[in-house]
Every structure is written in C-alpha cells, then in structure tokens.
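As structure tokens, the structure follows; a few thoughts come after it.
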Amino acid sequence: MRVVDAETAVADVADGSTVLIGGFGTAGMPFTLVDALVSQGARDLTVVSNNAGNGDTGLAALLAAGQVRKMICSFPRQADSYVFDELYRSGKIELEVVPQGNLAERMRAAGAGIGAFFTPTGYGTMLAEGKEARTIDGRGYVLEYPLRGDVALIAARRADTAGNLLFHKTARNFGPVMATAATLTIAEVDDVVEAGAIDPEAVVTPGIFVDRVVALGAEQRVAAREGASA
C-alpha cells in the first residue's frame, strides 16, 4: 500500500475502465478522488455506484464532464440528479439499473470468487429479462453474475500504514465490497496512523485489498461532505 496525493493515485486510470465509486450518502463519496479523476480526464468509463450522483459535485461532476459512457446503479433518479437526467434524456449515457441488494452482492461475488448466484430479487420483472431463471423450492430466482471493477474509489474514516481501513457510518455499505471487487483500490481517508493503532476489531477492510491511500486531513474531508450537502 502506498500513501500518495490524489492526482498520483488516479493518474493511471485508463480510458474505458470500469470504476466502482463509493457512496450511500456523502459519508461514502470520495469527492477528492473523483475531482482528481475529472482533472485526469479518463473517458468512456463505466461507473458503478449506488446512485447516479447528487447536485453537481462528486459523481455528478464526473458525469457532467462527459467522461462516463455507462452508469450501473440502483437509484438513477432523485430530486437533485439533474445532471444524469439531462444526459440520459439526450441519449448521452447508458443505464443499467440493478436492485441495491443485487448490486452489493454482485460485487461481493466478484471479490469472493463466486461464479454467479441465484437471487429472488428482480424475478418476474423487466430487470430479469434475458437472464436465466429457475424455480427453487417453489420460488422463482434469477441468475446474476459478478460485477468487477478495474478501479475502486472509496472513502474511509482512517487507514493505517498497512492499508487497513476504518469506515465512517454509511460509507461501509459499499466501500468494503468495492475494495474486494476491483483490481486497483484507492481510498481517501481523513488520516493515516501507524499499523496497530486501529483496534483490529474495528477494521472493516483489511489492507490486503487496498493499494493506494490518499490522506486528506479531517477538515478537508468534512468540508467536502458539507459542501456536497449544501
């Protein structure tokens, strides 16, 4: 694991990459890493996240920059998703809607080496069209495949020098599974402490899954979250 600045952390993200971006509220959105990716300019990206961005910051800023070809998410539309709405209505972005539990499980499957899994969520709906279905113990299931990323950009509360991560509230909803599902995982954190300084019982993502860490300082992370909530 290396501690680097945000620009260095995303410098080798290639055009056409699949990028997993944490979220589930501002606690999990890696605002600084996403801003760095906007500046870096990688294009034709497939982005996997819980929603399609809020307002005009974070993921919405990446969409507005025209760098995303396809969005895979659970909640593409909400009151302040006007950037995505405009792109989708004008045919400038593709969309794959995945129920939230399936989204998380598909990434968990990728990280755990599971080839595919049957789930009842989505069975009998448009979301299951074209997918293998099976009846198990009298209930309908649909086959879902793992969802892997070339890169994961996630936010955590703290890292240690071995890359172990401690998350802040809802940031742990998607950050941990994304860390295991990507070839390259980059985490932005408030601070980095010495290995052993985080209670092992509080470690959510072991350092083996983390390649790069960007230490921002708590004030910058809080300012980014508050700016997005304003």
Side-chain angles (χ1 to χ4, degrees), residues 6-7 9-78 80-81 83-84 87 93-98 100 103-104 106-108 110-111 147-157 165 167-189 205 209-214 216 221 224-225 227-229:
E7 290 71 24
V10 303
D12 55 357
V13 176
D15 290 353
S17 294
T18 295
V19 184
L20 315 180
I21 298 180
F24 208 87
T26 56
M29 176 57 62
F31 289 99
T32 300
L33 289 174
V34 174
D35 287 346
L37 186 58
V38 172
S39 298
Q40 189 258 22
R43 307 186 70 83
D44 195 31
L45 303 175
T46 294
V47 168
V48 182
S49 193
N50 181 54
N51 62 32
N54 305 95
D56 54 8
T57 61
L59 174 53
L62 187 67
L63 298 178
Q67 295 172 247
V68 180
R69 176 182 61 81
K70 180 178 181 180
M71 190 73 227
I72 301 175
C73 66
S74 300
F75 298 98
R77 294 201 66 204
Q78 50 199 13
D80 59 354
S81 61
V83 172
F84 171 81
L87 291 171
I93 192 168
E94 299 174 34
L95 171 65
E96 179 181 345
V97 176
V98 181
Q100 191 170 75
L103 187 72
R106 287 180 63 187
M107 289 186 281
R108 192 191 74 82
L147 186 53
R148 300 182 177 86
D150 299 300
V151 184
L153 306 180
I154 62 175
R157 168 67 181 82
L165 299 181
F167 287 86
H168 176 72
K169 300 185 183 298
T170 55
R172 67 186 297 170
N173 283 22
F174 281 97
V177 292
M178 289 181 171
T180 66
T183 302
L184 173 69
T185 294
I186 307 169
E188 70 173 57
V189 300
T205 295
F209 295 112
V210 181
D211 302 287
R212 300 170 189 169
V213 165
V214 175
L216 302 176
R221 282 276 299 143
R225 290 197 292 265
S229 301

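Residue indices begin at 1 and follow the sequence shown.
A pairwise comparison of heavy atoms in Thr205 and Ala179 identifies CG2-CB, 3.9 Å as the closest pair. Considering all non-hydrogen atoms of both residues, Arg77 and Ser81 come closest at CA-OG, 3.5 Å. Contact detail for Met178 and Met107: the closest heavy-atom pair is CG-SD, 3.6 Å. Among all heavy-atom pairs drawn from Ala60 and Gly55, the shortest one is CB-O, 3.2 Å. Across all non-hydrogen atoms, the minimal contact from Asp56 to Ala61 is O-CB, 3.7 Å. Minimum heavy-atom separation, Ser74 to Gln100: OG-CA, 3.1 Å.
Rounded to the nearest 0.5 angstrom, Phe174 CZ and Phe167 CZ are separated by 12.5 Å. Note that the CD1 atom of Ile72 and the CD atom of Glu96 stand 4.5 Å from one another [nearest 0.5 Å]. In this structure, Thr46 OG1 and Leu147 CG are separated by 9.5 Å, a value rounded to the nearest 0.5 Å. Going from atom NE2 of His168 over to atom CZ of Arg157 covers 8.5 Å, rounded to the nearest 0.5 Å. Here the OG1-CD distance, from Thr32 to Glu7, works out to 9.0 Å after rounding to the nearest 0.5 Å. The OG1 atom of Thr183 sits 9.0 Å away from atom CG of Leu20, with the distance rounded to the nearest 0.5 Å.
Put simply, the side chain of Leu95 reaches to within 4.5 Å of the side chain of Cys73, judged on heavy atoms. Leu62 places a side-chain heavy atom less than 4.5 Å from the side chain of Ile21. Side chains of Met71 and Leu59 form a contact here, defined as non-hydrogen atoms less than 4.5 Å apart. Counting heavy atoms from C-beta outward, Leu45 and Ser17 have side chains that approach closer than 4.5 Å. With contacts defined as side-chain heavy-atom distances shorter than 4.5 Å, the pair Phe84/Gln78 does not qualify. For the pair Leu184 and Arg212, the minimum side-chain heavy-atom distance is below 4.5 Å.
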Does the pair Ile154 and Leu165 meet the rule for a side chain to side chain contact (heavy atoms under 4.5 Å, CB included), with working shown? CA-CA 10 Å; Ile154 62 175; Leu165 299 181; 3.8 Å; yes

Which side-chain N or O atoms in residues 36-44 pair as donor and acceptor under 3.5 Å with protein atoms at least two apart or in another chain?
unit_1: Ser39; atom_1: OG; unit_2: Asp35; atom_2: O; d: 3.3
unit_1: Gln40; atom_1: OE1; unit_2: Ala42; atom_2: N; d: 2.6
unit_1: Gln40; atom_1: NE2; unit_2: Val10; atom_2: O; d: 3.2
unit_1: Gln40; atom_1: NE2; unit_2: Ala11; atom_2: O; d: 3.1
unit_1: Gln40; atom_1: NE2; unit_2: Val13; atom_2: O; d: 2.8
unit_1: Arg43; atom_1: NH2; unit_2: Gly66; atom_2: O; d: 2.9
unit_1: Asp44; atom_1: OD1; unit_2: Arg69; atom_2: NE; d: 3.1

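Put simply, the side chain of Asp211 gets close to the backbone of Thr185: a donor and an acceptor are under 3.5 Å apart.
Listed by chain and residue number, Glu105 satisfy the side chain to side chain donor-acceptor pair (under 3.5 Å) test with Arg108 (two or more places apart in sequence, or in another chain).
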